[in-house]
Every structure is written in C-alpha cells, then in structure tokens.
Amino acid sequence: MDSGIDLQGTFIESLKDLGFSQGVAKLFWMPLPMLLMILGATVGVLVCVWLERKVSAAVQQRIGPEYAGPLGFLQPVADGMKLVFKEDIIPAKADSILFTLGPVLVVLPVFLSYLVVPFGEHLVITDLNIGIFLWISLSSIAPIGLLMSGYSSNNKYSLLGGLRAAAQSISYELPLAFAVLAIVMMSNSLSTIDIVDKQSGYGILGWNIWRQPIGFLIFWIAALAECERLPFDLPEAEEELVAGYQTEYSGMKFGLFYVGSYVNLVLSSLVFAILYLGGWESPLPLENLASWFNINPNNDVLEIVDAAVGIVMTILKTYLLVFLAVLVRWTVPRVRIDQLLNLGWKFLLPVSLVNLLLTAALKLTFPFAFGG
C-alpha cells in the first residue's frame, strides 16, 4: 500500500473539512513533500559533515571542531554561511551557461532520488513500482554535470577531472546495477517498500546481506566509487588536479558540489540499508516480541513505538555506513586511475555478472529461500 498516498489523502481531506476546495487543497500539498525532502537531506548533510570531521580527528588523534556550538556541531553551518556570502566568480573564457548548469545537474538528481527512499514503514514520499530503477537512472545523470563543469571551465585540470568523473561513473554503474538486480530478482519487485517487506519477520536473520554476501561487497565498493570517496576520489585528486572539476568554482556553485557529494553519500548509505540491512526493520523481530509478551499487535501505542523504532533503525544503519566510509577514507590509500578502471571493468563487472546468474540459478533451485 502506498503510504505517501494515504498521507496525501488525509492532508487533503483535512483541508476540505476546513472549507477549502479539492484543487486548493492539492495546491497546498504539492510543495510539502519537496520541502520535507530538502529539509531532511540538508540536515543529513550537516550531521554527515560534522561526523566526518569528528571521526577524522579521532582517527588522527586530534580534537577536531569544538568551538562553534556544542562539540563543534555548528561548524558545518558556519562553513555553509561562508560559502553563501562568498563572491561567485565565472572565469572570463568559460562557457557561462554550461558553467552554471553543471552544479545544478549534479545536485538535482540526488535530491530527486530521496522521493523513493523510505525512512520508515509509513514514511515515503512516493512508493513507485520502479523506485530502484528510478534511483539508478537518476544517478547516471550526475556525471553529465561533472563533465559539463570540467569542459566549460576552460581549464585543463578541470577537464581532466570531468573526464575522470565520467569514466569512473560509467565503470562502476554496471557492477552497481547488477548487484541491485540480484536483490530485485530475489524480492520480485523494484519497489523499495517491497524489498524491505521481503526482509521482515525474522529480524537480522532475514536481511539480504546474508543471502547476497558477494552482492553487498560489490554494491559498497561501487557506491564509494560513485560518491567519489577515497580511495576512489580520482576526479578531484588535490595532489594531481588541484581540485579537478571544482577548480574554477567558488561561492555557492562550489557549495552545491560540496553539498551534492555528502547528500549522495547519505543517499547511498540509505539505499544500502534498504537493500541489504532490512531498512526500518529491527534486528529483533518486534512482531514476535509482542506475541511473546501477550501484547495486542494492533495496539495504538505499540504502532507508534514500532514507527519510532523503524525511523531510528533506518538512521542508525545509515550513519553506521557513513562512519565506515569515513574510516575507509583514512585507512586505504588512493588508487591510480588505471587501477580504478581495471578494478571496475576486469574484476567487479564479471564478478557481479556471475553473482546475478548465480542468484537466478539458486532462485530457480530453492525458490522458498530466494524469493521464488
């Protein structure tokens, strides 16, 4: 059942009870999901930036930001305000239209992807039947913006960064898609809600991470490469390309790249949690716990607690993965561009294809265990 439609219907009916017409009620509803999505993603970025700085500091045995707000929690806000008020400079010989459109094309698809990501059982803006397909499609648009930004900057380092970003994205999109297709095949659905529902009922033992041990490793490596996280940050390698495609950008345009990278990291962690870690499902099956203690599962209080636990579980799993990504940044050295492309084309692609074929064979052989 589409929870987003239920929420929309309730909101519209409430406004109609207050005397508004159907059209006006729908007009009031339209900006709410977008505002909620932007607000949630922005808060997620602020937490992610703060977490990365504090974890990075702990790894390097230093303190990190601590003066801007409690434990330095307002430092990302201060950095964002600084970027907002910095002068926006466009190089004299740059293509101003493409130069401006580049950051927009990078950020917009990532924000749109949040439309199909559920934060809880009844917390999804749009439960599309092709939700995962939409996410993969939108993720393939960002490299066009990166290449556009590098080309339009009229800077050889920017162009090299844009070319690297496009090559890297193409190399790792295929293994990522094959890993996701294996999950889709097991779940018999492209809907994010259905994929989580297929993992429910058995707690941590029902999660796809046990049924797809190869797929989850492929997905995680490919997701880090798609987010351009170390050790795969070749498009913006400071020691080689100044700042890659970001070299000529300043002010809010640079801020869009900065926000986009962290929003993409949080989004990839969310999708990983949904596909492999049971989404909002608790490691302990709460439905079974209710029956053990003779609690009515239709109890209103229990439903509220279950919803709250679901949201907390989704956020905890997401930021645990963000924490792992930060640790990888300070643990694994950066690879060369030829090593990065070889890993994608010569190792991950054939392994992900074999994993997909193996999943199909096992599903036909053991349909009860593999979603048949």
Any side-chain heavy atom of [X] sitting closer than 4.5 Å to one from [Y]?
{"X": "Y151", "Y": "L163", "answer": "no"}
{"X": "N155", "Y": "P91", "answer": "no"}
{"X": "Q168", "Y": "P143", "answer": "no"}
{"X": "I204", "Y": "L277", "answer": "no"}
{"X": "N154", "Y": "F99", "answer": "no"}
{"X": "W50", "Y": "L74", "answer": "no"}
{"X": "V322", "Y": "L265", "answer": "yes"}
{"X": "L356", "Y": "M185", "answer": "yes"}

Which is it for N208 and R211 under the side-chain contact (heavy atoms from CB on, under 4.5 Å) test, yes or no, and what are the steps along the way?
CA-CA 5 Å; N208 283 332; R211 290 181 285 183; 2.8 Å; yes
Nearest non-hydrogen partners of [X] and [Y], listed with the distance:
{"X": "A222", "Y": "Y172", "value": "CB-O, 3.7 Å"}
{"X": "A325", "Y": "R229", "value": "O-NH2, 3.9 Å"}
{"X": "G102", "Y": "M148", "value": "N-SD, 4.0 Å"}
{"X": "L105", "Y": "G145", "value": "CB-CA, 3.8 Å"}
{"X": "T247", "Y": "S158", "value": "CB-OG, 3.6 Å"}
{"X": "G278", "Y": "Q199", "value": "N-OE1, 3.0 Å"}

Is any side-chain N of the basic residue among D233 and R164 closer than 4.0 Å to the acidic one's carboxylate O?
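Salt bridge between D233 and R164, a charged N being under 4.0 Å from a carboxylate O: no.
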For the pair [X] (side chain) and [Y] (backbone), establish whether a donor and an acceptor sit closer than 3.5 Å, ignoring hydrogens and angles.
{"X": "N355", "Y": "V351", "value": "no"}
{"X": "S200", "Y": "D197", "value": "yes"}
{"X": "S191", "Y": "I193", "value": "yes"}

To the nearest 0.5 angstrom, please state how far the [atom1] atom of [X] sits from the [atom2] atom of [Y].
{"X": "S169", "Y": "E228", "atom1": "OG", "atom2": "CD", "result": "8.0 Å"}
{"X": "S352", "Y": "L217", "atom1": "OG", "atom2": "CG", "result": "12.5 Å"}
{"X": "L353", "Y": "F178", "atom1": "CG", "atom2": "CZ", "result": "5.0 Å"}
{"X": "E226", "Y": "S140", "atom1": "CD", "atom2": "OG", "result": "9.0 Å"}
{"X": "Q246", "Y": "F254", "atom1": "CD", "atom2": "CZ", "result": "5.0 Å"}
{"X": "S137", "Y": "L112", "atom1": "OG", "atom2": "CG", "result": "12.0 Å"}

Taking the cut-offs as 6.0 angstrom to the six-membered ring centre and 45 degrees off its axis, would you call K317 and W207 a cation-pi pair?
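Relative to the ring axis of W207, which defines the angle, K317 lies inside both limits.
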Compute the ring centroids of Y245 and Y157, then answer whether they are less than 6.0 Å apart.
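Ring-ring flag for Y245/Y157: false, centres at least 6.0 Å apart.
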Hydrophobic cluster membership, [X] vs [Y], 4.5 Å side-chain cutoff:
{"X": "L224", "Y": "V335", "answer": "yes"}
{"X": "L230", "Y": "L327", "answer": "no"}
{"X": "I90", "Y": "V84", "answer": "no"}
{"X": "I221", "Y": "I214", "answer": "yes"}
{"X": "L321", "Y": "V59", "answer": "yes"}

Which of parallel (below 30°), tilted (30 to 60°) and perpendicular (above 60°) describes F272 and F219?
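F272 vs F219 ring planes: tilted.
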On the 0 to 90° scale, with breaks at 30° and 60°, tag the F111-Y114 ring pair as parallel, tilted or perpendicular.
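The arrangement is tilted - the two ring planes meet at 30° to 60°.
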Suppose the criterion is salt bridge (charged side-chain N to carboxylate O under 4.0 Å, His left out): which pairs have a residue in residues 80-106, not counting sequence neighbours?
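Only D88-K253 qualify under salt bridge (charged side-chain N to carboxylate O under 4.0 Å, His left out).
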Evaluate the salt bridge (charged side-chain N to carboxylate O under 4.0 Å, His left out) criterion for residues R329 and E52: first the C-alpha distance (whole Å), next the side-chain angles of each, then the deciding distance (0.1 Å), finally the verdict.
CA-CA 10 Å; R329 172 179 180 176; E52 172 148 45; 2.8 Å; yes
Is it the case that over 12 heavy atoms from other parts of the model lie below 6.0 angstrom from the [atom1] atom of [X]?
{"X": "I63", "atom1": "CD1", "result": "no"}
{"X": "N129", "atom1": "CG", "result": "no"}
{"X": "Y319", "atom1": "OH", "result": "yes"}
{"X": "L35", "atom1": "CG", "result": "yes"}

From CA spacing to verdict: side chain to side chain donor-acceptor pair (under 3.5 Å), W345, S171:
CA-CA 6 Å; W345 288 107; S171 301; 2.8 Å; yes
Applying the side-chain contact (heavy atoms from CB on, under 4.5 Å) test to T192, which of I274, V117, L270 qualifies?
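That would be I274; it is the only one of I274, V117, L270 passing the side-chain contact (heavy atoms from CB on, under 4.5 Å) with T192.
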Using the rule given for side-chain contact (heavy atoms from CB on, under 4.5 Å), can you reason through L46 versus Y262, listing the C-alpha separation, both sets of side-chain angles and the distance that settles it, and then say yes or no?
CA-CA 9 Å; L46 294 177; Y262 280 104; over 6 Å; no
Working for side chain to side chain donor-acceptor pair (under 3.5 Å), residues Q212 and T359
CA-CA 8 Å; Q212 283 289 315; T359 302; 2.9 Å; yes
Given R334 and L340, is the side-chain contact (heavy atoms from CB on, under 4.5 Å) satisfied, shown in steps?
CA-CA 9 Å; R334 176 188 291 131; L340 176 129; over 6 Å; no
Are N264 and C227 close enough, and set up right, to give a side-chain contact (heavy atoms from CB on, under 4.5 Å), and what steps lead you there?
CA-CA 6 Å; N264 201 12; C227 296; 4.0 Å; yes
